[in-house]
K.L.:
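One structure is given below, represented as structure tokens, and several questions about it will come after.
Chain naming here is simple, since letters A, B, ... match the order of the sequence lines and numbering starts at 1 in each. Computation of the quantities below employed the complete heavy-atom set of this structure, encompassing side-chain atoms and omitting hydrogens, waters and symmetry-equivalent molecules.
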Amino acid sequence: MPELPEVETIARGLSRRVAGETIDSVWLGEKPEPLKSSSEEILEVLSNKRILGVRRVGKHIVFDLAQGRGRTPVAQWIVHLGMSGRMMACTAEEAPVKHTHAIVKLGSGRELRFVDPRRFGRLSVSRHFEAAGVEPLDVSLEIFISLFRGRKTPIKSALLNQKLLRGVGNIYADESLFRAGIRPRRRAASLSRKELQKLYRAVQKVLKEAIALGGSSVSDYVDADGEEGFFQLRHRVYGREGEPCLKCRTPVKRLVIAGRSSHYCPNCQR
DNA sequence: ACTATTTCCTGGATGC
DNA sequence: TGCATCCAGGAAATAG
């Protein structure tokens, strides 16, 4: 399940492979499940464009597009991988795998393919893409603290809210809360300044470590080159229900908050 | 203005 | 072995 570190890894890999390429043609499956854009809009915006580069915004992969040989971006192609989405760069000879919903043929003969078995992913186009929320790795401590002011929702839910912080998903929310020593059910507004500062540092540390390790490969995540990440080996609570806490040996607990599994150590987190 | 709940989707795991 | 059921989760939609 791609969150910020996985999407960052994928976007970097894609940029390395397809930056500068022209888009020759686009094929969209029957139900590409576009977010805000119709199939017609996607085809219209992508045609005759060149990919300037690929970057990550929150959990979105953003392809910056220029007209013809131009150097200024005039539109963006935005891909959200959802739960099971994959964006792969491959040669035209490779047989398309099941659940391929979009194929973009590039000038070099290579192709970008969007594959998504569970269909939670979304494709869209925009001419002025702006995401809600702030980037957790760019935000200042003061702004970070202000995000949670007056919020009665559990801190876990607040971390998952993409309109506040963008890019943090279930794994990194749990791992950050563990490292900050904060229970997931605590009301966001009840956290002290000191606790929020710990959380701020924990979020940034966890995300940076995960990016350095190529993300977490749970279920079937692989990056743009088909490589697995290694941060799952550093998970301290996520997916470890019943197993001993790596700090104090207390069994890790799991509860459901906002419909999401939340893992924490009842002893280390207060 | 917030917050909580439901919905979408399918592969894999579990249970009988 | 095979079939039914449950579960995972991001974010939009809906309800409160």
K.L.:
Check for a donor-acceptor pair, side chain of R56(A) on one end and backbone N or O of V7(A) on the other, with a separation under 3.5 Å.
P.N.:
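Between the backbone of V7(A) and the side chain of R56(A) there is no qualifying donor-acceptor contact (under 3.5 Å).
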
K.L.:
So, taking the atom named CD in Q204(A) and the one named CG in L141(A), what distance separates them when rounded to the nearest 0.5 Å?
P.N.:
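Rounded to the nearest 0.5 Å, the CD-CG separation comes out at 9.0 Å.
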
K.L.:
For dG9(C), does OP1 or OP2 lie under 4.0 Å from any side-chain N or O of Y238(A)?
P.N.:
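Checking dG9(C) against Y238(A), a side-chain N or O does come within under 4.0 Å of OP1 or OP2.
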
K.L.:
Just to be sure I understand the rule, does R149(A) reach a base, reach only the sugar-phosphate, or reach nothing, if contact means heavy atoms closer than 4.0 Å?
P.N.:
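No contact.
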
K.L.:
Does dG11(B) have its OP1 or OP2 closer than 4.0 Å to a side-chain nitrogen or oxygen of H99(A)?
P.N.:
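Affirmative; the distance criterion is met.
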
K.L.:
Can you measure F120(A) atom CZ to dA12(C) atom P for me and round it to whole angstrom units?
P.N.:
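In whole Å, dA12(C) P lies 13 Å from F120(A) CZ.
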
K.L.:
Could you give the CD-to-P distance, from E3(A) to dA8(C), as a whole number of Å?
P.N.:
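Atom CD in E3(A) sits about 15 Å away from atom P in dA8(C).
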
K.L.:
Using atom NZ of K156(A) as one end and atom P of dG9(C) as the other, report the distance to the nearest whole Å.
P.N.:
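So the NZ-P distance, K156(A) to dG9(C), works out to 8 Å.
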
K.L.:
Does any non-hydrogen side-chain atom of E135(A) lie less than 4.5 Å from one of V57(A)?
P.N.:
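They are in side-chain contact.
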
K.L.:
Return no unless some side-chain N or O of S261(A) is found under 4.0 Å from OP1 or OP2 of dC7(C).
P.N.:
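No, no such contact exists.
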
K.L.:
Name each donor-acceptor pair under 3.5 Å that joins a side chain in residues 158-165 of chain A to protein atoms two or more places apart or in another chain, with its distance.
P.N.:
| from | atom 1 | to | atom 2 | distance (Å) |
| --- | --- | --- | --- | --- |
| N161(A) | OD1 | K163(A) | N | 2.9 |
| Q162(A) | OE1 | G167(A) | N | 2.8 |
| Q162(A) | NE2 | L160(A) | O | 3.0 |
| Q162(A) | NE2 | V168(A) | O | 3.0 |

K.L.:
Which whole-number value in Å describes the distance from H80(A) NE2 to dC9(B) P?
P.N.:
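For the pair H80(A) NE2 and dC9(B) P, the rounded distance is 17 Å.
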
K.L.:
One pair to check against side-chain contact (heavy atoms from CB on, under 4.5 Å): V104(A) and F63(A). What are the steps and the verdict?
P.N.:
CA-CA 12 Å; V104(A) 173; F63(A) 293 82; over 6 Å; no

K.L.:
Roughly, in whole Å, what's the span from CG in N170(A) to C1' in dC7(C)?
P.N.:
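One finds 13 Å between C1' of dC7(C) and CG of N170(A), rounded.
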
K.L.:
Can you tell whether the side chains of R193(A) and E142(A) come within less than 4.0 Å, N to carboxylate O?
P.N.:
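Counted as a salt bridge, because a side-chain N and a carboxylate O are separated by less than 4.0 Å.
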
K.L.:
Calculate the interatomic distance between R119(A) atom CZ and dA8(C) atom C1'; express it in whole Å.
P.N.:
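Atom-to-atom, R119(A) to dA8(C), this comes out as 18 Å.
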
K.L.:
How many whole angstroms separate atom CE of M83(A) from atom C1' of dC9(B)?
P.N.:
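Roughly 10 Å, once rounded to whole Å.
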
K.L.:
Can you tell me how far P of dG9(C) sits from CZ of R118(A), to the nearest Å?
P.N.:
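From R118(A) CZ to dG9(C) P: 9 Å.
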
K.L.:
Determine, for nucleotides 2-7 of chain B in 5'-to-3' order, which nucleotides have protein heavy atoms under 4.0 Å from the base (write B), from only the sugar-phosphate (write S), or from neither (write -).
P.N.:
-SS---

K.L.:
Are L14(A) and I51(A) linked, directly or through intermediate hydrophobic residues, by side-chain heavy-atom contacts shorter than 4.5 Å (ILVMFWY only)?
P.N.:
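I51(A) clusters together with L14(A).
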
